[in-house]
Structures are given as structure tokens and as C-alpha cells.
Amino acid sequence: KGGILINMHNRKSRKILLIAGVSVAAAVLLALFGIFFWGVSLKNGDTVFPNVCVSGVNIGGMNAQEAAVALEDNFEKTHANRTLTVQLPDRKLVFDPEMANSPLDTEAMVSQAMSYGRDGSALQVLKTYISCKISAYILDMEDFLQVDTVYIWELIDKTAADVVRDMVQSEI
């Protein structure tokens, strides 16, 4: 009689352990699936990762259109006052952005900000996202400044032609 009671107790313990093991395994699989799904949704997301900044403007969490508007508003204020300086042997030429024909490629900035961290596996994307939550990722505006070097050289040549003088023989 005692052996039957112990045997039933072992069966009950095994059944409980089996149910607990299956429950833990199911919870782990569910958590892994959730993490994977979160990574995939971030990879295919339509907003910039948090704390992605372009020239001091945090566009994190914005969609492409909002980011473009925010950057253009900021650059109207800051870029209009910037100058391009060309150092020649005997003088400096200073060009304002309009004169230097150097527009900013806002579309490329937004595109790079939108694609940042979205390459690689879902887990890599999730890792980059979490990293962005902790610290900022900064895109340098200078990388997106389109300088028309042919036009700048034309301005330098024009300036050089304006200052060229015929040599005059000195007399005493």
C-alpha cells in the first residue's frame, strides 16, 4: 500500500514538473518571438530611430516628411548665415551660400537618417534601436552640402581676371 502511494506521488510530481517545463519553454519562445517581431517592425518602420540628430536637430521619432520640414526650417535660419571662404595666395574670397551655389540635400539627409540602423537582422536592428535610445547618433550636415566646384572655380577665375593688370615699366 505504501509503495502505491509513493508511486502516485512521483507521477504527480513528474506531471507538475512537465507542465512547469512546458510552460517555461512556451514563455521563452513567446518572448523570443515578441523580440523578433519587435525587431522586424522596427526594421520596416516609417520613423527615424530615437536621438538621431542632423546638425543639432533631433529628428528622432519623426516620419520622413516631418523630418524634412524640421531640417529645412532649421537650415533656413542657420545655413543662410554660413559662408564659404576660399584662400588665395594674396586674398580671401568669401561667398554666401546662394552665391556659392551650395544647397543642402535635405532629401539625402532624411533618407540616411531613415535608413540608419535598419540593415542587418532583426536582432541587430533592435540592438541599434536600443543604442539610439541611450545615446545620440549624429549625422554631419557637411556631408550633405552640395558644393558646385566648377562654379566656384569660375568665380575664382573671374576674380583673378578682374585683378590682373598689365605690367608697367617703372621710371625714375
Side-chain angles (χ1 to χ4, degrees), residues 24-163:
V24 168
V28 168
L29 285 174
L30 188 60
L32 288 175
F33 178 74
I35 290 170
F36 177 77
F37 182 73
W38 186 24
V40 168
S41 69
L42 288 172
K43 185 176 180 104
N44 299 320
D46 63 348
T47 59
V48 178
F49 279 5
N51 293 321
V52 173
C53 302
V54 179
S55 191
V57 180
N58 187 341
I59 58 172
M62 296 181 186
N63 65 30
Q65 186 176 10
E66 294 167 336
V69 168
L71 292 175
E72 287 168 3
D73 287 348
N74 181 64
F75 297 145
E76 279 181 18
K77 298 172 193 166
T78 60
H79 187 59
N81 300 326
R82 298 184 73 157
T83 58
L84 174 68
T85 303
V86 177
Q87 179 67 47
L88 299 175
D90 63 337
R91 70 185 69 217
K92 282 184 184 177
L93 299 178
V94 180
F95 304 106
D96 62 37
E98 195 172 293
M99 188 176 170
N101 194 22
S102 59
L104 286 166
D105 191 352
T106 308
E107 188 176 312
M109 286 184 240
V110 171
S111 176
Q112 186 164 345
M114 289 293 294
S115 65
Y116 172 70
R118 289 193 162 89
D119 53 344
S121 71
L123 291 177
Q124 289 171 322
V125 171
L126 187 57
K127 180 182 173 189
T128 303
Y129 178 83
I130 292 169
S131 174
C132 284
K133 286 285 236 182
I134 295 168
S135 65
Y137 175 74
I138 299 171
L139 291 169
D140 189 10
M141 178 178 71
E142 303 303 324
D143 294 338
F144 302 99
L145 187 62
Q146 299 174 347
V147 178
D148 186 350
T149 55
V150 172
Y151 180 72
I152 298 295
W153 276 109
E154 287 173 4
L155 290 175
I156 292 170
D157 290 342
K158 182 180 180 304
T159 302
D162 290 345
V163 297

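When a residue number appears, it is its place in the shown sequence, counting from 1. Below, each value reflects all heavy atoms present in this structure, side chains not excepted, and no hydrogens, waters or symmetry copies.
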What are the two closest non-hydrogen atoms of M114 and M62, and how far apart are they? SD-O, 4.2 Å
Nearest 0.5 Å, what's the CG-OG1 distance between D119 and T128? 7.5 Å
Mind checking side chain to side chain contact (heavy atoms under 4.5 Å, CB included) for Q124 and listing every partner two or more places apart, or none if nothing turns up? S121
What distance separates S111 OG from E107 CD, expressed to the nearest 0.5 Å? 7.5 Å
Rounded to the nearest 0.5 angstrom, the CH2-NZ distance for W38 and K43 is 16.0 Å
Begin from the C-alpha positions of F36 and V40 and carry the test side chain to side chain contact (heavy atoms under 4.5 Å, CB included) through to its verdict. CA-CA 6 Å; F36 177 77; V40 168; 3.7 Å; yes
According to the interplanar angle, ranging from 0 to 90°, do the rings of Y116 and F49 count as parallel (below 30°), tilted (30 to 60°) or perpendicular (above 60°)? perpendicular
Distance from N51 atom CG to S131 atom OG, nearest 0.5 Å? 9.5 Å
Can you tell me how far CG of L42 sits from CZ of F37, rounded to the nearest 0.5 angstrom? 10.0 Å
Distance-minimising heavy-atom pair for E66 and G61: OE1-O, 4.5 Å
Please report the closest heavy-atom contact between P50 and K133, naming both atoms and the distance. CG-CD, 3.5 Å
When every non-hydrogen atom of C132 is compared with those of V52, the smallest separation belongs to SG-CG2, 4.4 Å
Would you compute the distance between atom CE of M109 and atom CD1 of I59 and round it to the nearest 0.5 angstrom? 9.0 Å
